[in-house]
Protein chains: 2
Amino acid sequence: MQMLKHNLFEQRTIGMPASCGETLFLEGEPCDEVFEIRKGMARAVSMSREGERQILAFFFPGDFIGLPLSRHHRYSVEAVTDLVHVRHSTQRWQESLARTCQEDSSMLKSVWREEKAFIERGLILGRVGALARLSAFLIVLSKHLPTEHGLCALELPQTDIASYLAASPETVCRGLKRLREMQIIAMPRRDRFAIQYPARLELLAEGILA
Amino acid sequence: MQMLKHNLFEQRTIGMPASCGETLFLEGEPCDEVFEIRKGMARAVSMSREGERQILAFFFPGDFIGLPLSRHHRYSVEAVTDLVHVRHSTQRWQESLARTCQEDSSMLKSVWREEKAFIERGLILGRVGALARLSAFLIVLSKHLPTEHGLCALELPQTDIASYLAASPETVCRGLKRLREMQIIAMPRRDRFAIQYPARLELLAEGILA
DNA sequence: CGGTGCCTTGAGTAGGTTCAATGTTTGTGG
DNA sequence: CCACAAACATTGAACCTACTCAAGGCACCG
């Protein structure tokens with residue numbers, strides 16, 4: 001295991017806490033720091049001039065965000081849950097990128113993960129039908145969320161899901177209800193869920209099942 | 001002007017032609033080459049298992065695509081119009097990135113442009129109302145397309161627009177008609193358009209105007 | 001115990017999809 | 001040069017989904 005050597009940013013530094021709702025950085029601010037999520041969940045938010053809020057992506061432990069690809073941040077990032085994160089100096093990140101990107105591509109991968117998060121939403125929003133979008137989202141979520149006793153912790157207001165899916169909160173609520181009734185997911189509590197029939201959920205996500 | 005020195009990829013190499021409809025690379029292929037668009041227009045396409053086709057992004061002259069952020073391409077790229085492009089070795093691209101990314105961020109910018117293309121679609125798909133999405137798309141397009149006599153060359157089938165906007169072709173057609181009737185855009189031919197009232201188009205895009 | 005924020009449910013409506021038919025443009029071969 | 005085919009664009013009508021509006025329920029917090 002030489003992973004540690006390659007990437008300065010993986011370990012070593014001490015995580016800082018941020019509490020639910022806190023803003024890590026704002027759209028338009030200069031890219032001085034790279035943020036690494038260690039624990040919890042964050043959201044990328046974009047605001048149109050008239051205050052229309054859109055959630056562009058969610059980020060999970062291991063993700064690096066606010067990469068200095070442009071001079072200023074193109075989106076704000078807020079903590080969805082309480083989280084632990086690390087701030088790295090942009091300059092050191094860039095140096096480390098220069099150093100490692102000839103040998104391996106571990107740091108380019110972190111660039112990729114940021115990009116992937118945005119592509120993912122595009123793919124989800126491109127689907128027809130609110131149930132298909134919701135299903136696709138749950139599948140993605142379940143791969144990132146910590147699981148215990150077979151239950152995913154869904155510490156995410158439905159309003160956020162709605163904003164991410166470009167749907168109304170009511171539609172999200174009804175969609176979840178529908179999935180429960182179809183026994184495809186279980187939700188013993190509002191903030192816990194389990195996928196009971198992954199195959200059927202996939203079918204829904206692909207728009208095959210009604 | 002020291003731009004040329006920084007980035008190996010900007011000039012010098014000879015462009016190769018590709019004709020309308022041609023595939024530059026396929027989803028799943030290894031990232032051996034980086035593609036630079038010199039002239040024309042390309043589209044990123046993703047296929048779901050059942051053959052559901054989605055257009056994820058459009059690319060324009062100056063864009064670098066197929067960046068080696070992951071081992072395999074996450075989307076296919078096809079020529080929308082006849083185009084001229086350059087293929088760079090991934091290895092040399094990476095070396096050049098390592099060399100330049102300490103001094104300036106010109107190459108990181110090209111990473112950013114790829115990412116931006118995906119974010120852009122997310123922002124557009126997040127809007128409510130087909131007219132708003134279409135308007136937002138036209139605004140973006142008009143900034144990229146070559147203009148002559150005040151007319152943008154829209155060498156883009158409406159079906160592609162529909163796929164990009166996650167709408168049916170009929171809706172796109174009716175939307176364009178509506179914009180023409182409102183005198184916000186002019187379309188003397190099917191493949192030419194001009195924005196007559198940018199301000200009103202923006203309002204539509206923001207969902208303010210009906 | 002009352003408040004506040006979020007979730008849930010219902011009813012009515014508007015907007016977009018689908019289906020189907022027609023029109024237009026482009027390219028091809030006679 | 002014309003005729004025909006294929007692909008794309010346009011239009012209308014019926015249907016249906018998801019949104020809006022509005023009211024009530026639940027849970028957490030002081």
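Residue numbering restarts at 1 for every chain, and letters A, B, ... go by the order of the sequence lines. Keep in mind the model is a prediction, meaning the values are calculated, not measured.
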- Axial cation check for B:Y164 ring with B:R121, 6.0 Å and 45° limits: yes
[atom1] of [X] versus [atom2] of [N]: gap in Å, rounded?
X	N	atom1	atom2	answer
A:R133	C:dG16	CZ	C1'	12 Å
A:E181	C:dT8	CD	P	12 Å
A:D160	C:dG5	CG	C1'	13 Å
A:L134	D:dA18	CG	P	11 Å
A:L131	D:dA18	CG	P	7 Å
B:L156	D:dA7	CG	P	18 Å
B:E155	C:dT26	CD	P	11 Å
B:I161	D:dA9	CD1	C1'	11 Å

- Message: Both A:R189 and A:A167 contact DNA chain D. Taking the nearest nucleotide for each, which residue is further toward the 5' end?
- Response: A:A167
Using modelled atom types only, decide if a donor and an acceptor are shared between the side chain of [X] and the backbone of [Y] within a distance under 3.5 Å.
X	Y	answer
A:R127	A:G207	no
A:S76	A:L26	no
A:H88	A:E33	no

- Item | Close side-chain approach of B:F60 to B:L145, heavy-atom, < 4.5 Å | yes
- Message: Testing the basics here: between A:R200 and A:M182, what is the closest heavy-atom pair and its distance to 0.1 Å?
- Response: NH1-O, 3.6 Å
- Minimum-distance pair of heavy atoms, taken over all atoms of B:L176 and B:Q158: CD1-NE2, 3.5 Å
- Task: Note down the inter-axis angle between the two ends of the helix from C:dT8-D:dA23 to C:dG30-D:dC1, five pairs each, to the nearest 10°.
- Result: 40°
- Task: Fit a plane to each ring of A:F35 and A:F25, take the angle between them on a 0 to 90° scale, and name the class: parallel (under 30°), tilted (30 to 60°) or perpendicular (over 60°).
- Result: tilted
- With distance as the sole criterion, is a donor-acceptor pair present between the side chains of A:H72 and A:R74 under 3.5 Å? no
- Item | Contact letters for nucleotides 10-15 of chain D, in which S counts primed atoms plus P, OP1 and OP2 and B counts the base, heavy atoms under 4.0 Å | SBBB--
